[in-house]
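Single-structure report; data block below.
Chain naming here is simple, since letters A, B, ... match the order of the sequence lines and numbering starts at 1 in each.
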2 protein chains.
Amino acid sequence: MENPPGDTGRDGFQWTKETGLQAGVPSLGVILPPSNLPSDDTANSDTFDVIVVGGGYTGLTAIRDLTLAGHKVLLVEARDRIGGRSWSSNIDGYPYEMGGTWVHWNQPFVWRELFRYGLSTKLEISMVTEGGLNKCFVDMGTRRVEMGHDKEDLLSESALTKYVDVDGHLARTVIPFPHDPLYNKEAVARYDAMTMADRLDEIADELTPVERNMLEQFLSITCGSSRFEDASFFEVLRWWALMNYNYTDFIALGLTYKLRAGQSALARSFFDEALATEKLRYAFDSPVSKIVDQGGVVEVTTTARDGSGTAATFRAHRVICTVPLNVLYKIDFSPPLAPLKTEASKLGHVNQVTKIHAELANPELRSVGAFSLGKLTYGFGDGTTPAGNTHMVAFGSSQAGRHLQPEEDMEETLRAWRRLIGRDDVDIRRVVFHNWHKDEFAQGAWEWLRPNMSLKYLDELRKRHGNVLFGSADWALGWRAFIDGAIEDGGRVAKEASDEIRALRRSNVVVPGINGLSF
Amino acid sequence: MENPPGDTGRDGFQWTKETGLQAGVPSLGVILPPSNLPSDDTANSDTFDVIVVGGGYTGLTAIRDLTLAGHKVLLVEARDRIGGRSWSSNIDGYPYEMGGTWVHWNQPFVWRELFRYGLSTKLEISMVTEGGLNKCFVDMGTRRVEMGHDKEDLLSESALTKYVDVDGHLARTVIPFPHDPLYNKEAVARYDAMTMADRLDEIADELTPVERNMLEQFLSITCGSSRFEDASFFEVLRWWALMNYNYTDFIALGLTYKLRAGQSALARSFFDEALATEKLRYAFDSPVSKIVDQGGVVEVTTTARDGSGTAATFRAHRVICTVPLNVLYKIDFSPPLAPLKTEASKLGHVNQVTKIHAELANPELRSVGAFSLGKLTYGFGDGTTPAGNTHMVAFGSSQAGRHLQPEEDMEETLRAWRRLIGRDDVDIRRVVFHNWHKDEFAQGAWEWLRPNMSLKYLDELRKRHGNVLFGSADWALGWRAFIDGAIEDGGRVAKEASDEIRALRRSNVVVPGINGLSF
């Protein structure tokens, strides 16, 4: 089987007519048993070289780089799986992507890894524009507009280009170096102070009603369907610059290429390579409650989760904390974090999207795209399941009055699908989703900052705190909020920690526990 | 000093009015002393984990990855410096790039390394289009055409787009995955059978004389000014696909961003990181003459070079051979290489360019670009030296009757510069160059294949030969013939060798010398 299911974990939901709503779906990312720590209690009194908190792509990159370099590493993870905000569930041999999905060879850090693991030639084209209806539907409220994908592209390109072209140079003067996005601080300050709604107001007279509608739903993919009044316009410019300043590449880089085997297969490649070094210990189901830096040694305390997992205190010379922005403040740090870091975390970013899939016994829908004013804002045909059904993916709004919470009301969720597609007779066989708003360990999906956060907080968020280093896609330099950014920042902190541990080993200073760890 | 000169090596030439022509220029890439092997002869009877032959970016990536992973590595290099076909010479605090130069964040493998070494935010924009004349000159033989850079871009874009648009989809159907360029084998076969000259003939009626002239000189940058009759048209399509299928990005990715510190600073970052592990031995000035695979152990024999360097035989469990295509056949392999590999190497690629710099006491030329029918085909203002002079870079033709061999005739070289610029009174203060045609260890510059070579040889060139692995930009998958491709392929063979050495160590089989190497 090309796509083995993996084990069933706690995350995600699945609904079918027959089974109703069920919590927990299978994933290659679920690791069983949840720990490989020796049962002997005393072994945990060893001091690790590095403890990595969090097993998303940042943490996975860190454990892989550190163990390959010969360091002794402990991974502690709150969930029962790796991957963080990027993971896939293989159901009946078909991968559903629950979070970060799309990749491209212009994303340097993730591409290097796809190549390394032999996955770079195993891509699949996501959006289908052949066979079936081959149409785009725009829900105008009281009426619906239909058009071909060529016209959809023309209108979307026209509208998006007007939206981002703040300087007559397609924003190139605002962000001349997409991997150094704060380079032009003055311009950044100006556009970061604007909300996405402010910019919509500025160009309101230049958009037709259909263009405006399509632009709004298109923008909703970027910011996780959050309220435009809460979302920084600079973030749109940043995405645009990363996508090579043009609409064609925006689609190609942002929404086109996915992994035939699913994201969790990539995540497993990192994990399995680290494990094969025999330098990796891990404890899943182990949320971290406290991190105490005692100078030479840092203590990390985990709590048990619902009766499983490990409540324990571990020690290491360095800690790499990859906990996402929106939940970082919940960990009790001693000494306390810099006030600006805590402030950023408490303020948080605004993306509270639900990513939701449907398997539809309507093959004609495989080439449909849809812009909707309902509780799903944007969706498209994303492939054909082994059963020959259409797979559609959509994004649940988190806008006021439109916030979709599918696990609370499946009937409303099915209605939102029917509205998106514009047909009451659509035959929904299966729904699979992850509601990132209700996700206890991320409290949000990919990062989308509020106005005035970028210049104020990003530099601070990247800073270390004594022997604790902070890595995350949430404060990466280039593809911030993308898989690529997670791997970028994981590599950064892993190199820093590795260089320091090597220096400690070389120094004449006797460091307790730095040698002779009893693995 | 931001750009220390480094030591003076053998490669490259410099000319000034005062000194005349001098062989050898300073570079950070020159390593002195040329070896860190123990003087005690018996130490060389140890068996290394891996011997890496060649210290270009492929070899540098390999030694860095392998030593970080704890393996014991010997680097043997024919030259007195690292970097291979990419190296820079810092003269009076200014870096001149003698080979591979330009980088971009869409090049995944080199970008990951620039970030790793803190160089990704230290870029400089190469082509200058501000201040001075701000013109482009086109040498039409009997007359000269002048135009602004805007018009130059319009004409170049128009001509290049006609040249590559073989399918009405800007070649996207020919190469849908630029990092898997042979994916559409049928289309590849068709366009690989064509020469660059064939394609020029096909669109001859669609080009104005000025467009045709500019297109020919522009194309000469890609193929190293080789004869279009000898050069595969598929190679142009491949570059075009890698450059995101559009002219704007062709310029941005191919010719725009260079390292403020010079390429040899990046090369040193790899070398220095490997050295810091204390797992690296090296021998420069040591061309390899013979590689004998005895099964468990491979013997590599070097010859001394001009009285320096090490004539010796070394042993390792794996060898990574990064010797370029055009000289690979000169090494005596036992057992002999697969006939197809040898055939490809003897046939060779066609790029025999001279890369040549001039320092001109004419500040108004800093924003000039020039297309010429002389012995220099294309050049442009590339910066301002600390002395306030204009730095121009140009490419020496290797076309029949136009082949520039600057070290043989400096007067002719100065005349070629004057013709390129179109002024007899230009004040040439300094010329710096590397003639890749005369380079004994590469016999050519960046790879540009002949027709019908891609499908026939590339897969074979990537294949191992017993315990010898082959890595090179010349058979990389994505950015083949670029720095990025060198790093890609170095990573590939390093991982393969590393995984195998780890497996050997884990196995119960006693492998002579695999443990307890006396470093």
#### Entry: Contacts of B:His71 that satisfy ring pair (Phe, Tyr, Trp, His ring centres under 6.0 Å) - sequence neighbours left out
none

### Query
Can you name the nearest heavy-atom pair linking B:Thr277 to A:Arg502, along with the distance?
CG2-NH1, 4.0 Å

### Those residues of residues 487-494 of chain B, ordered by number, that approach chain A below 4.5 Å (heavy atom to heavy atom)
B:Glu488, B:Arg492

### Task
Name, in order of residue number, those residues of residues 105-118 of chain B that have a heavy atom at a distance of less than 4.5 Å from a heavy atom in chain A; otherwise write 'none'.
B:Trp105, B:Asn106, B:Pro108, B:Phe109, B:Trp111, B:Arg112, B:Phe115, B:Arg116, B:Tyr117

### Query
To the nearest 0.5 Å, how far apart are CG in B:Asn244 and CG in A:Leu253?
7.5 Å

Side chain, backbone, both or neither of [X] within contact of chain B (heavy atoms, under 4.5 Å):
{"X": "A:Thr248", "answer": "side chain"}
{"X": "A:Asp65", "answer": "side chain"}
{"X": "A:Tyr257", "answer": "side chain"}

#### Entry: Steps toward side chain to side chain contact (heavy atoms under 4.5 Å, CB included) verdict (B:Asp249, A:Asp249)
CA-CA 11 Å; B:Asp249 281 0; A:Asp249 281 0; 4.0 Å; yes

### Task
Please list, in residue-number order, every residue in residues 171-181 of chain A that has a heavy atom less than 4.5 Å from any heavy atom of chain B; write 'none' if there are none.
A:Arg172, A:Pro176, A:Phe177, A:Pro178, A:His179, A:Asp180

### Message
Can you confirm whether A:Asp499 is buried at CG, in the sense that more than 12 heavy atoms of other residues, nucleotides or ligands lie under 6.0 Å from that atom?
### Response
yes

### Query
If you draw a 6.0 Å radius around CG in B:Asp167, do more than 12 non-hydrogen atoms from other residues or ligands fall strictly inside?
yes

#### Entry: Choice from B:Asp484, B:Thr121, B:Leu477 maximising heavy atom contacts with chain A below 4.5 Å
B:Thr121

### Query
So which of A:Ala252, A:Ser498, A:Ala69 has the largest heavy-atom pair count under 4.5 angstrom toward chain B?
A:Ala69

